[in-house]
Every structure is written in C-alpha cells, then in structure tokens.
Amino acid sequence: MHRPELLAPAGNMEKLKIAVHYGADAVYLGGQSFGLRNKADNFSVDEMKAALDFCHAKNVKAYLTINSYPRNESLPELEDYLAQIAPLPFDAYIVADPGVIDAVRQASPECELHLSTQANTINWRSARFWQQQGVRRINLAREMSLDNIKETVTKVPGMEFEAFVHGALCISYSGRCLISSMLTGRDANQGECTHPCRWSYHLVEESRPGEYFPVVEDENGTFIFNSRDLCLLEHIPALVKSGVHALKIEGRMKGINYVASVLRVYRQALDEYLADPAAWTCRPEWLEELAKLSHRGYTTGFLFGQPRNVGQEYESAYIRSHDFVGVVDEVQGDGTLLISVRNRIKAGDLIEFIGPGMRNDSLTLQHFSTLSERGAAIPAEVANPNQRILLTVPFTVETGDLLRREKIAG
Ligand code: SF4
C-alpha cells in the first residue's frame with residue numbers, strides 16, 4: 001500500500017529533534033525571513049546546516065518554508081536570502097508567491113518546489129496549472145472536501161499532494177486574513193499574525209461609540225471568529241485511500257509537548273493502518289492523548305463539506321488537561337536521567353513519562369537532585385523552570401522523552 005509521509009512542524013532545533021524522535025518522516029522549518037511564522041524561533045543559516053545534517057543522518061527530509069508574499073521593496077532582501085541558502089541541501093522549498101518561485105528558480109534551479117497552502121489550491125485545474133509551472137507537490141487548501149481531494153489527486157497524475165490532518169484552522173481562506181493587520185498592524189500574510197480571531201468580541205451600534213453590547217454565549221463571552229482545531233485522526237484510512245502523499249501537522253509555533261503528543265498518536269495510527277488496513281480502528285487512547293493537549297475543541301474542518309456551526313468553538317478559548325513539565329536531556333551511563341524542568345515540580349507529584357510508540361510510564365516523584373551551576377547534585381524537593389534535575393526511574397526512558405503532570409486546578 002502506498003505509504004504517505006508524516007510531515008511535522010519544526011519551529012526551532014529542539015522541536016525538530018523532538019519531531020524526529022517521535023517519528024516524523026519529514027519536517028518543515030522556517031528561516032529568519034519570508035517563512036510566515038515570524039514569532040517562531042526559526043533557524044539561522046548555520047542552524048539550518050545543523051538541522052539538515054541531523055535530519056539527513058536519520059533519513060528524515062527537511063523542507064524550508066519561504067511562503068510569504070513579499071512586496072517589491074523586500075525583493076532585494078529575498079534575493080540575498082536565497083543566495084545564502086542556495087548551497088544547503090534542502091529536500092524542497094515550500095513557496096506560495098509566483099514572484100518567490102521566479103526568484104527561487106534563479107537562485108536554486110534544481111531545488112524541488114512544494115506549493116504552500118497559502119496559495120489556496122482548491123481544484124484540480126489549479127493543481128494542473130502549478131504542475132505546468134514545475135511544482136512537485138501541493139499542500140492542498142484546508143477548505144477542500146475529501147471528494148475534492150480524491151478528484152484532484154486522480155486528475156493530476158504525477159503531482160504529489162499533501163493534506164493537513166491536525167492543527168489550528170483560520171476562519172479565512174488558508175490564512176489570507178486581514179483581521180490582524182487591521183487591528184494590530186501586524187500582517188498575517190507577512191508572518192506576523194497576532195491571532196485576533198481567538199479574541200472575545202462585543203457589538204457596538206454605530207451611533208453609540210463606547211457602548212459595548214455583550215454578545216454572551218457563555219460565561220467566557222463570545223468567540224465569533226474562533227475556529228475549532230482540525231483533527232482527522234479517525235479519517236486516516238480515507239486520507240490514505242485518497243492517494244495523498246503526505247499528511248501534514250500544523251504548528252511551528254506550538255511547544256514540544258504538542259509536537260511529541262500529536263506525532264506519536266498519528267505515527268502509531270498510520271503505521272497500524274498501513275500494516276493491517278482491514279483490522280484498523282481508531283483507538284480511544286489516541287483520542288484521549290490528543291484531548292490532553294491544549295486545543296480549542298476538534299473539528300473535521302471541510303473534509304465532509306462545510307463545517308458550519310460545528311466548526312466553531314463556542315465555549316472557551318482553550319482546553320487542556322495536562323501540563324508539560326520537563327524533557328529528558330540525557331540518559332546517563334548508569335541509567336540516571338538528566339531532565340530539563342519546564343514547569344515547577346515537587347516531591348509527591350505524579351509524573352507521566354511519554355515516549356514514541358505511545359510508551360507511557362508514571363511515577364510519583366520522591367527523591368531527586370537539582371544541579372547547581374557548577375554541576376553539583378543537591379537533594380531537592382522542588383525544582384523550578386530552567387533547572388535541571390537528576391532522577392532515576394524503574395522503567396525505560398529515552399533521551400527526548402517528555403514529562404507531564406495532570407493539570408492542577410485553579
Ligand atoms: S487572525 Fe486568525 S484567521 Fe486570521 S490569519 Fe490569524 S489565525 Fe488565521
């Protein structure tokens with residue numbers, strides 16, 4: 001059976017390593033310009049080299065996003081940037097703007113081109129047009145239904161297609177949105193979205209400025225632009241059968257906890273389906289795992305037609321049941337774990353260790369040591385963010401595994 005690639009976000013080097021650890025077949029990352037996620041940490045040219053070495057040593061592909069829509073005045077900077085990255089062996093550039101494609105052709109004529117979802121491909125004629133321009137792969141717009149995806153894949157043989165399976169959704173077509181630009185002066189199409197679609201809104205009658213009519217859906221207010229997040233886990237079989245070449249996870253600005261949890265679920269679900277399609281069912285523990293992450297309620301988006309009101313999150317902005325508290329930096333020779341603490345932990349906390357392959361083990365914290373700046377181990381009962389601790393556990397843990405704790409109420 002044809003095996004789609006599982007494509008994961010890599011907002012910085014740590015997230016990239018986590019994505020690889022948790023089973024990504026390919027990652028996408030941005031440089032410090034033109035990548036539409038200016039608030040992600042992103043990669044300098046030197047970091048890109050290190051990222052490519054790391055990925056290629058593990059047989060993972062790496063794609064560079066250059067998917068903003070630059071204005072004339074930005075073109076000289078774009079050309080400089082393309083010249084700097086031209087020697088780097090990216091497996092593809094992800095582009096949207098025809099002007100960027102033209103500039104890439106000059107700077108890196110051999111580099112494979114993937115068309116970003118920002119280019120809004122929603123029909124097979126568009127796909128065929130882009131194929132004629134030499135584009136190798138298209139990340140289809142999230143606004144496409146499953147039937148449309150299948151028809152497009154069938155009618156444009158030789159083109160590769162990607163479909164989003166998980167992550168945030170915009171209320172505008174493929175993020176072509178002016179709300180952020182209008183309210184904050186930060187242009188989503190230049191990678192500076194401030195996410196005002198998630199804010200709470202009131203109604204004001206034109207002749208009564210300053211009188212805010214509350215539009216109350218619940219005690220949290222109203223979130224009239226607030227889309228639920230996409231989750232197509234249960235529809236992996238249909239997506240694989242549609243013939244798409246890659247299943248893409250959104251979220252370069254999300255944390256490593258998100259990258260790890262989403263990937264380990266989709267990795268196992270996809271592998272199990274490919275191994276035995278007839279026996280596949282969507283396991284409840286996969287959905288439970290996704291429910292533990294910070295999200296805004298899940299929707300299947302446009303996969304089965306217009307989402308209408310079921311795609312909107314009416315209740316509250318975010319739902320999350322667990323806090324991410326640390327990452328295993330190293331498993332030392334004697335099995336002691338060196339852990340970076342990301343959220344305060346203390347003796348008595350029930351900590352869950354999660355790893356690839358849905359590996360889960362739990363432990364009530366008792367004895368651990370914090371590390372002083374000079375590397376001395378100091379017995380401790382509490383550790384704060386940015387501290388490192390030494391801990392032994394009675395089960396197998398790997399470097400890159402994450403620690404989390406059920407969210408403390410209040
Ligand atoms: S404001 Fe919301 S809908 Fe608009 S681009 Fe940003 S995330 Fe998307």
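Counting starts at 1 for both ligands and their atoms, following the listed order.
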Relative to the heavy atoms of [X], which atoms of ligand 1 are at a distance of less than 4.0 Å?
| X | value |
| --- | --- |
| Cys193 | 1 (S), 5 (S), 6 (Fe), 7 (S) |
| Ile171 | 3 (S) |
| Pro196 | 1 (S) |
| Ala188 | 5 (S) |

Side chain of Asp349, backbone of Ile351: donor and acceptor closer than 3.5 Å?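 Not confirmed, Asp349 side chain does not pair with Ile351 backbone.
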Assess Cys197: does it contribute an N, O or S atom lying under 2.8 Å from atom 2 (Fe) of ligand 1?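 For Cys197, the answer is yes, given that an N, O or S atom comes within less than 2.8 Å of atom 2 (Fe) of ligand 1.
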(request) Measure centre to centre between the rings of Phe304 and His235, then say whether the value is under 6.0 Å. (result)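 Yes; His235 has its ring centre under 6.0 Å from that of Phe304.
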Any heavy atom of Ser180 closer to ligand 1 than 4.0 angstrom?
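So Ser180 does not count as touching ligand 1.
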- Query: Charged N to carboxylate O under 4.0 angstrom, Glu112 versus Lys61?
  - Reply: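 Judged by the 4.0 Å cut-off on N to carboxylate O distance, Glu112 and Lys61 do not form a salt bridge.
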Pair Lys254 + Asp229, salt bridge at N-O below 4.0 Å:
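Answer for the salt bridge query: no.
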ask   = Quick one: which of Arg342, Arg388, Lys17 gives a salt bridge (charged side-chain N to carboxylate O under 4.0 Å, His left out) with Asp329?
value =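 So, applying the salt bridge (charged side-chain N to carboxylate O under 4.0 Å, His left out) to Asp329 and each of Arg342, Arg388, Lys17, only Arg388 qualifies.
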So, Cys177 and atom 8 (Fe) of ligand 1: N/O/S under 2.8 Å, yes or no?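 Checking atom 8 (Fe) of ligand 1 against Cys177, no N, O or S atom falls under 2.8 Å.
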Q) Given Leu371, which of Leu338, Ile389, Ile339 fulfils the side-chain contact (heavy atoms from CB on, under 4.5 Å) condition? A)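 By the side-chain contact (heavy atoms from CB on, under 4.5 Å) criterion, Leu371 pairs with just one of Leu338, Ile389, Ile339: Leu338.
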